[in-house]
Student: 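Before I ask anything, let me first share the structure, which is written out below as structure tokens.
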Amino acid sequence: MPDGNVTIDAKALEGLVQRVVRAFGSSECEAQLVSTQLVGANLTGHDSHGVGLLPLYVDVFLEGGLRINQHVQVVRDTGTVLVLEGNSGFGQVLGFEALELGIARAKEHGSAVVALVNSHHLGRIGHWAEQCIAAGLVSIHFVNVVSDPVVAPFGGSDARMVTNPFCVGVPLQGRPPIVLDFATSRIAMGKVRVAMNRGEQVRPATLIDHRGEPTTDPRSLFADPHGAILPFGEHKGYGLAVVCELLGGALAGGPVIKGKPHSRATINGMVSIVIDPARFGTQSGFASQCDDFIRWVMASPVTAGIDRIKMPGEPEADFRRDRTAHGIVIDATTWAEIRKAAAKVGVVEVWPPV
Ligand code: NAD
């Protein structure tokens, strides 16, 4: 590790995260859910949503913005519509519980809509689609984010929204599932942080500085006053971000963003539509139609620099295979931050030492 980076086996990293979360006073189950989801994000290549978030979680917990050992509370239940309150608990627990309920209702009724409000950070949203896929179900997730605004509206010159993710999961017979999961900003905020920690620039046309001028310097997003990330796909990505805010937040009575909140907590609202595809009675037709379509699309001759056409979810599956076999690389800055954060809650022996 000449560059100070650390390569860690996923299970060992989960163990470390569990020790830190248990030091919060969390139950074994909570510590396990948090560690599996954070390390799962690293495993799928999304370091922005992996263990690098632990220092922020520690600070927000110590400041009182993240409450331990919370469980979803049912606010409204019409059978196929559930509204759940999260009370600023760990999103890793609340998201899991919300979708367990959604899965059960979708199996019972054919479909269900589950709205979770006031959850602390829900992490990588693809994780929740994968929970539905494991139960054989399609899911669509609209998520809003209430924290310091970092994304400019289309045509705007300062930050008014956060990175509102959107996600769809589709289980397929005889093929890996489709997991479409992205932030509606041109890149996820955590990826700007990762670039800053690695001393790298971001791609042009991704960021504007605090004057609204284009920049590739990731530090411009964390300086005071800070700049903004642009929405992806011009007015279309911006429009999807708006819809995520309205459905993920306002529809179920959760907060929406309307300024800089006082707390550093990241509050997510998520509306998930969970569908049992078997209720359409089209299983064999659906499978062969999907297969035909995917083969057709993937037969497109690739352009320069692209090795093959992929389906959404494939890059994450590739990362998962590679990182499960060879370990997860954590950059030196992120590792130092994790060690410092662990010490704040009394966990001082962090393996491996650097
Ligand atoms: P991204 O830009 O890496 O896009 C990921 C999506 O694009 C995946 O579905 C992936 O399979 C697909 N993809 C990538 N390359 C592909 C290719 N070559 N061919 C086909 N499909 C391809 O993701 P992002 O916008 O950086 O988001 C990263 C993560 O951040 C997501 O998991 C998201 O849920 C999470 N996030 C969470 C929050 C929150 O508040 N909880 C906010 C924003 C983002």
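We count ligands from 1, going down the list as the structure has it; atoms in each ligand are counted the same way.
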Student: Can you list the atoms of ligand 1 that are under 4.0 Å from a heavy atom of V145?
Tutor: 40 (O)
Student: How far is atom 13 (N) of ligand 1 from its nearest protein heavy atom, and which residue and atom name does that atom have?
Tutor: P315 CG, 3.9 Å
Student: Nearest 0.5 Å please: distance from the CZ atom of R160 over to the NZ atom of K258.
Tutor: 14.5 Å
Student: Do you see a donor-acceptor pair shorter than 3.5 Å between the side chains of S272 and H141?
Tutor: yes
Student: Do any heavy atoms of L180 fall under 4.0 Å from ligand 1?
Tutor: yes
Student: Do me a favour and list the nearest non-hydrogen protein atom to atom 43 (C) of ligand 1 with residue, atom name and distance?
Tutor: T163 OG1, 3.1 Å
Student: Quick check on I187 - does any of its heavy atoms sit under 4.0 Å from an atom of ligand 1?
Tutor: no
Student: Less than 6.0 Å separating the ring centroids of F280 and F286?
Tutor: no
Student: Students should be able to answer this: which protein heavy-atom is nearest to atom 6 (C) of ligand 1, and at what distance?
Tutor: D181 O, 3.2 Å
Student: Return yes if a side-chain donor-acceptor contact under 3.5 Å exists between Y57 and H120, otherwise no.
Tutor: no
Student: Should the heavy atoms of other residues, nucleotides or ligands under 6.0 Å from CZ of R203 be counted, would the total exceed 12?
Tutor: no
Student: Among M270, R186, E316, H127, which one has a heavy atom closest to atom 10 (C) of ligand 1?
Tutor: E316
Student: Using distance alone, determine whether G126 and ligand 1 share an N or O pair under 3.5 Å.
Tutor: no
Student: Taking atom OG1 of T184 and atom CG of N144, what is their separation to the nearest 0.5 Å?
Tutor: 10.5 Å
Student: Where is the tightest heavy-atom contact between V21 and V34, given as atom of each residue plus distance?
Tutor: CG2-CG1, 3.9 Å
Student: May I ask you to identify the nearest protein heavy atom to atom 12 (C) of ligand 1, giving residue, atom name and distance to one decimal place in Å?
Tutor: P312 CA, 4.4 Å
Student: What protein heavy atom is closest to atom 40 (O) of ligand 1, reported as residue, atom name and distance in Å?
Tutor: N268 ND2, 3.1 Å
Student: Within the structure, is a non-hydrogen atom of C167 found at a distance of less than 4.0 Å from ligand 1?
Tutor: no
Student: What protein heavy atom lies closest to atom 18 (N) of ligand 1? Include the residue and the distance to one decimal.
Tutor: K310 CD, 4.3 Å
Student: Using modelled atom types only, decide if a donor and an acceptor are shared between the side chain of N87 and the backbone of R67 within a distance under 3.5 Å.
Tutor: no
Student: Of all the non-hydrogen atoms in the protein, which one sits nearest to atom 28 (C) of ligand 1, and at what distance?
Tutor: H46 ND1, 3.5 Å
Student: List ligand 1 atoms under 4.0 Å from K191, heavy atoms only on the residue side.
Tutor: 1 (P), 3 (O), 23 (O), 24 (P), 26 (O), 28 (C)
Student: Please determine if G123 has a nitrogen or oxygen closer than 3.5 Å to a nitrogen or oxygen of ligand 1.
Tutor: yes
Student: For the NZ atom on K344, are there more than 12 heavy atoms of other groups (residues, nucleotides or ligands in this structure) within a distance under 6.0 Å?
Tutor: yes
Student: Could you check whether atom NZ of K340 has more than 12 heavy atoms from other residues, nucleotides or ligands sitting under 6.0 Å from it?
Tutor: no
Student: Hey, does the side chain of R186 reach the backbone of A205 with a donor-acceptor pair shorter than 3.5 angstrom?
Tutor: yes
Student: Taking ring pair (Phe, Tyr, Trp, His ring centres under 6.0 Å) as the definition, give me every residue that meets it alongside H71, ordered by chain and number, with sequence neighbours left out.
Tutor: none
Student: Give the atom numbers and elements of ligand 1 that come within less than 4.0 Å of a heavy atom of V179.
Tutor: 8 (C), 9 (O), 11 (O)
Student: Between ligand 1 and I125, is the shortest N or O to N or O distance under 3.5 Å?
Tutor: yes
Student: For atom 36 (N) of ligand 1, what's the nearest protein heavy-atom neighbour? Residue, atom name and distance, please.
Tutor: H49 NE2, 3.1 Å
Student: Considering the heavy atoms of A183, write down every atom of ligand 1 situated less than 4.0 Å from one of them.
Tutor: 24 (P), 25 (O), 27 (O), 43 (C), 44 (C)
Student: Show the atoms of ligand 1 that are less than 4.0 angstrom away from any heavy atom in H121.
Tutor: 39 (C), 40 (O), 41 (N)
